[in-house]
Amino acid sequence: MDRFDSDTRLCLIHADMDAFFAAVEVLDNPSLAGQPLIIGHPGRRGVVATASYEARKFGVHSAMPSVEAVRLCPTGVWRAPRASRYQEVSRQVMGVFGEFTPQVEPLSVDEAFLDIGASFRLFGGAISIAQKIRERVPEVTGGLTVSIGVASNKFLAKVASDLEKPNGLTVVDPDRIQQWLDPMAVEKIWGVGPKTREVLHGIGLRQVGHIREAGVDLLVRHLGESSGRHLWQLAHGEDERTVETEHEVQSISTENTFTTDVTPGQEAKKFLRRAAEEVSRSLRDQQLRARTVRLKVRTGSFRTMTRSQTLETPIQDAGTLFKVSIELLAEADLQEEGIRLLGLGAGNLIDASNPRQQGLFDDISGTLRDEKVTRLLDESRKTPGIIPLQRGCLIEPPDQDS
Ligand code: TTP
Ligand code: MG
């Protein structure tokens, strides 16, 4: 490891907490230690948020339907997620990362990229920094562990941090990138989800080395121009993306004072739908994504409150903005008062060209589908001579008597 500490090519760290929600539950309730702990709601419609490593031995994993988790692990101990506690710990952890460089890009609640290129003189090389982070995280949180990947770019660091979990440290030798990547299963590539994996398996590509040897044309034919090229580059260990800290534009918002106070019902929803469209359009126009959705509510008696939610994956689409705003509205303490003003804001903005956490190549999530619709709407807005398309849900029904 020592020779790596003087290698200044190793300037990227990806740090990811181990079994995060489950580990926080164990931290707060040590009697859960060693148990097959599952975080989520065990009901018929529930999904698993995460599981302790003990529960993972039964095959339980994030995003699995709870009924399946119960079947696989009947002895599982279930706990409901406690979002605000995880946010609190997340802030502590991000604070530790910030001790070593201001160049921190949080990717979700429990992981971040760190550009440590300018920190070597202060803290020693990449390995020293990684070791210090592994000491500081348990110190500051009270005992949680983190796994770290150290590499010469984001993609390699992200893949590396996952390899020695939990409490692992993996360094990608910059002189042996190809040898390291080639034998890896294709799904280890950041962004290759089940759908892309099937496509790749379908054309006989099971390992990263196969992708590299397949040639870019085959990939473009099966995955499209941009995903095909991107995947081909990653398979060569190349990734030009830089660590992006929070954008200068702090937030984008819109608000409206109603002529007469409204209830949280139809009228408020109608406004939020339009506001979500407007905010989403500004985000798209400025090529930004938001991690945080904020709702401002003022009641008839001028009580003003704000509610906000920080999302795991940064978003841009109106559908998610609307959905979250409705959830936030339900949380507002209206005390039976009418609503005088509503505002919807998107904060914690990042560059939209940043990679998304999951499904980079897949088009399976509702959000991505919504973004496709949104792009079509945008194109219609910009094409002269055609009437701009509108979402069906925004079209006013004709008056009954007209
Ligand atoms: P991850 O870092 O993906 O998972 P993890 O920290 O639980 O486990 P690992 O040691 O493998 O990193 O996600 C961080 C948290 O985000 C996780 O604890 C729970 C939450 N989460 C969900 O709620 N749903 C999901 O589908 C995923 C992937 C994560
Ligand atoms: Mg994690």
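- Electrostatic pairing of Glu88 and Arg85 counts as a salt bridge here, judged by a charged N lying under 4.0 Å from a carboxylate O.
- Atoms NZ and CZ, on Lys188 and Arg197 in that order, are 12.0 Å from each other to the nearest 0.5 Å.
- The CG atom of Leu200 sits 12.5 Å away from atom NZ of Lys195, with the distance rounded to the nearest 0.5 Å.
- No hydrogens or angles considered: a donor-acceptor pair under 3.5 Å links the side chains of Thr242 and Glu244.
- Residue-environment remark: CD (Gln179) exceeds the threshold of 12 foreign heavy atoms within 6.0 Å.
- A distance of 9.5 Å separates OG1 in Thr299 from CG in Asp333, rounded to the nearest 0.5 Å.
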Check against side-chain contact (heavy atoms from CB on, under 4.5 Å), Ile203 and Leu218: CA-CA 9 Å; Ile203 49 176; Leu218 182 72; 4.1 Å; yes
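- Residues Ser308 and Thr292 have side chains that never bring a donor and an acceptor to within less than 3.5 angstrom of each other.
- Checked by atom type, the side-chain pair Gln87/Ser90 shows no donor-acceptor distance below 3.5 Å.
- A salt bridge links Asp175 with Arg9: the distance from a Lys NZ or Arg NE/NH1/NH2 to an Asp or Glu carboxylate oxygen falls below 4.0 Å.
- Checked for salt-bridge contact, Arg3 and Asp173 meet the test: a charged N lies under 4.0 Å from a carboxylate O.
- Between Leu288 and Ile252, the closest side-chain pair of non-hydrogen atoms falls below 4.5 Å.
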Candidate pair Gln131 and Ser128, rule side chain to side chain donor-acceptor pair (under 3.5 Å), full reasoning: CA-CA 5 Å; Gln131 298 286 23; Ser128 303; over 6 Å; no
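- The side-chain heavy atoms of Val104 and Phe113, taken from C-beta on, include no pair separated by under 4.5 Å.
- Counting only N and O atoms by type, the side chains of Arg298 and Thr304 include a donor and acceptor under 3.5 Å apart.
- No hydrogens or angles considered: nothing links the side chains of Ser161 and Asp16 as a donor-acceptor pair under 3.5 Å.
- Ring geometry, Phe258 versus Phe271: the interplanar angle exceeds 60°, so the pair is classed perpendicular (tilted spans 30 to 60°).
- Between Leu321 and Ile315 there is a side-chain heavy-atom pair separated by less than 4.5 Å.
- Residue-environment remark: CD (Gln266) stays at or below the threshold of 12 foreign heavy atoms within 6.0 Å.
- Put simply, the side chain of Phe97 reaches to within 4.5 Å of the side chain of Val137, judged on heavy atoms.
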Pair Leu344-Phe322, side-chain contact (heavy atoms from CB on, under 4.5 Å): steps then yes or no: CA-CA 9 Å; Leu344 177 64; Phe322 175 65; over 6 Å; no
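- Ion pairing between a basic and an acidic side chain is recognised when a charged N comes within 4.0 Å of a carboxylate O; Lys154 and Glu105 show such pairing.
- Heavy atoms only, all atoms of each residue included: Val279 and Ala346 are closest at CG1-CB, 3.7 Å.
- Of the possible polar contacts, one joining the Ser52 side chain to the Gln35 backbone as a donor-acceptor pair under 3.5 Å is found.
- Using a 4.0 Å cut-off between a side-chain N of Lys or Arg and a carboxylate O of Asp or Glu, Glu25 and Arg82 qualify as a salt bridge.
- Residue Val89 comes nearest to Leu144 through the heavy atom pair CG1-CD1, 3.5 Å, listed as atom of the first residue, atom of the second, then distance.
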Glu139/Arg136 under salt bridge (Lys or Arg N to Asp or Glu O under 4.0 Å): CA gap, chis, key distance, verdict: CA-CA 5 Å; Glu139 220 170 84; Arg136 282 290 288 152; 2.7 Å; yes
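- For residues 41-62, no residue pair satisfies the salt bridge (charged side-chain N to carboxylate O under 4.0 Å, His left out) rule, not counting sequence neighbours.
- With respect to the salt-bridge test (charged N to carboxylate O, under 4.0 angstrom), the residues Arg273 and Glu277 do not qualify.
- Contact check for Phe155 versus Val172: no side-chain heavy atoms found under the 4.5 Å cut-off.
- In this structure, Arg284 does not pair ionically with Asp317, as no charged nitrogen and carboxylate oxygen lie closer than 4.0 Å.
- Atom NE2 of His61 sits about 6.5 Å away from atom CD of Glu68, to the nearest 0.5 Å.
- With rounding to the nearest 0.5 angstrom, the NE2 atom of His222 is 12.5 Å from the OG1 atom of Thr196.
- Between Arg274 and Glu278, no side-chain nitrogen of the basic residue sits less than 4.0 Å from a carboxylate oxygen of the acidic one, so the salt-bridge criterion is not met.
- Taking the ring centroids of Trp78 and Phe21, they lie at or beyond the 6.0 Å cut-off.
- Val186 places none of its side-chain heavy atoms less than 4.5 Å from the side chain of His210.
- The pair Asp239-Lys158 fails the salt-bridge criterion, with no side-chain N (NZ, NE, NH1 or NH2) lying under 4.0 Å from an Asp/Glu carboxylate O.
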